[in-house]
Amino acid sequence: MSASEPVVHVALLPSAGMGHLNPCLRLAASFLRYGCKVTFITPIPTVSIAESNLISRFCSFFPHQVTQIDFNLIPLDPTTVATNIDPFFLQFQTIRHSMHLLYPILSSLSTPLSAFIYNASLISAVVTISEKLLCPSYIYFPSAARMLSFIAYVAVLADSDSAAQPHPSTFIGDAVQIPGFTSPITRSSVPPAFLLQGSNSFQRMIMEDSRKLLKLDGVFINSFEELEGEALGALNEGKVVRGLPPVYGIGPLMACEFESVDQGQRGSMSWILEWLDEQAEGSVVYVSLGSRTETRKEQIKDMALGLIESGYSFLWVVKLKKVDREEEEGLEDVLGSELMSKVREKGVVVKEFVDQMKILGHPAVGGFVSHGGWNSITETVWEGVPILTWPQIGDQKITSEAIRMSGVGIWADEWGWGTEKVVKGKEIAKKIKEMMSNESLRVKAGEMKEAAKKACGVGGSCEVIIKGLIEEWKRNA
Ligand code: UDP
Ligand code: UDP
């Protein structure tokens, strides 16, 4: 950028959890690559240690281009908070509740803002502020284009319901047929909290956000034409909802250098990689149900039995608690020493946060049993690894369907949601074998990897979009 050109300055605000933070930082890195200045607003305190560690690494990697600002949250009145609330969802609520503190932060930045980009779970709270800012505002949507279409379309469904107070449990019906989509979203795939009787904060949030989408200048989504062409087309051609702003498929968002932990601080990652080095190419099953899903003890034993019975070597990341700050119990206590030693004969099992991109990129990994978190999915696509999804919560059945349609993954839909039943080891072994031996899945995953590299390469869709926006912001400066 020459000295006479205006500085392009982008502010970003994530919400909670690694699944929402990773795409935010990767998107920030996409702008940093083209010389933009970034202000990163950190909601404090973060929910997990993994989040605060990653933000520190990001900021120290770009000491001149990135300014980090603390957004000190005001805790909610504990008497109004349900005791069993998901800690990440509670953080969304806390950020929304602290929103009046955001405007003073944004309006006092010394360099004028070219754009403000924030997490999708904050739309209706942020819109009131962003309308006062003298710059365009965008959300980044940390899930599939199929999920965005669902969120956008629920307001249309509610408006076409004749009831005085339309309720999702009624207007969703047996399935939602979104215009422009070949396959409907069945009722059983809808996030369960959305269908609960009565009124809950999740339903209110989705309904408000659905309407407010129209007020944005654009939506960034971690997807691309070859992966979700139908959904991206339907969104951008006005089929889903008329008047929707542009949906920018800037995926797959690549893992960045700042995410890697230094050799010396790697902990168990060093020996995990050494172990992978000893395994034959494509022979290992990697298992992880994401950064915020704890696996119930009843399920863990059958998971172990399934992995052993599958006959493949495996690398299994187990979470016993939702939030990493609370992980204390040993795995051996849950599995018992006999099963634990059998597990160790065939595989590696760890409890801590791993460098997932390093694992997925290792040639020994031949398949991934995933909860269907959209970041995990796109990372797997990037590496050309076949996927077996086992949705646990929220949007993960909708993402599983998206990935099944793309041809790079299979979905064990008969297993239901993660907590619905204990899936037996035999069934798990059968599905793992199906994934690992499915040749067409492997071929398709390889093709999708090529398409992903093209989308992120020189002159690819990602570069075209980011450069185009930077130009637009400069013109409007
Ligand atoms: N992740 C990781 N190590 C772990 C668990 C998760 O690096 O041990 C990363 C993963 O690569 C992904 C993010 O954390 O980028 C999780 O996001 P995703 O959407 O897959 O699922 P979530 O954890 O939000 O359910
Ligand atoms: N949720 C919850 N309590 C509520 C409302 C929602 O635990 O009162 C859960 C909901 O089931 C969902 C998560 O919080 O799994 C938030 O969902 P969202 O899709 O916004 O986050 P994501 O799954 O994309 O990380």
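For ligands, and for the atoms within them, numbers begin at 1 and follow the listed sequence. These numbers come from a predicted model, not from an experiment.
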**Item:** Backbone or side-chain N or O of S376 under 3.5 Å from ligand 1 N or O
**Value:** yes
Per-atom filter on ligand 1: closer than 4.0 angstrom to a heavy atom of R292 are 22 (P), 23 (O), 24 (O), 25 (O)
Please report whether the ring centroid of Y312 lies less than 6.0 Å from that of F314. no
| Salt-bridge contact K342-E345 (side-chain N to carboxylate O under 4.0 Å) | no
Closest to atom 12 (C) of ligand 1 by heavy-atom distance, out of M18, H20, E379, is E379
4.0 Å heavy-atom contact, V354 with ligand 1: yes
Contact region, W374 to ligand 1, non-hydrogen atoms below 4.0 Å, reads backbone
Residues E332 and R344: closest non-hydrogen pair is OE1-NH1, 4.0 Å
Report task. Using a strict 4.0 Å threshold on nitrogen-to-oxygen distance, state whether K431 and E434 make a salt bridge. Result -> yes
Report task. Looking only at distances, please establish whether an N/O atom of ligand 1 is found under 3.5 Å from an N/O atom of S291. Result -> yes
Quiz item: Does NZ or CZ of K449 come closer than 6.0 Å to the centre of the six-membered ring of W382, within 45° of the ring's axis?
Solution: no
N22 heavy atoms within 4.0 Å reach ligand 1 at atoms 9 (C), 12 (C), 13 (C), 14 (O), 15 (O)
Could you tell me whether the side chains of D209 and S124 share a donor-acceptor contact shorter than 3.5 Å? yes
Between E259 and R26, is the closest basic N to carboxylate O distance under 4.0 Å?
yes
Atoms of ligand 1 under 4.0 Å from any heavy atom of G290, numbered from 1 in the order shown, are 23 (O)
Next on the checklist: N375 versus ligand 1: do any nitrogen or oxygen atoms come within less than 3.5 Å of each other?
Outcome noted: yes
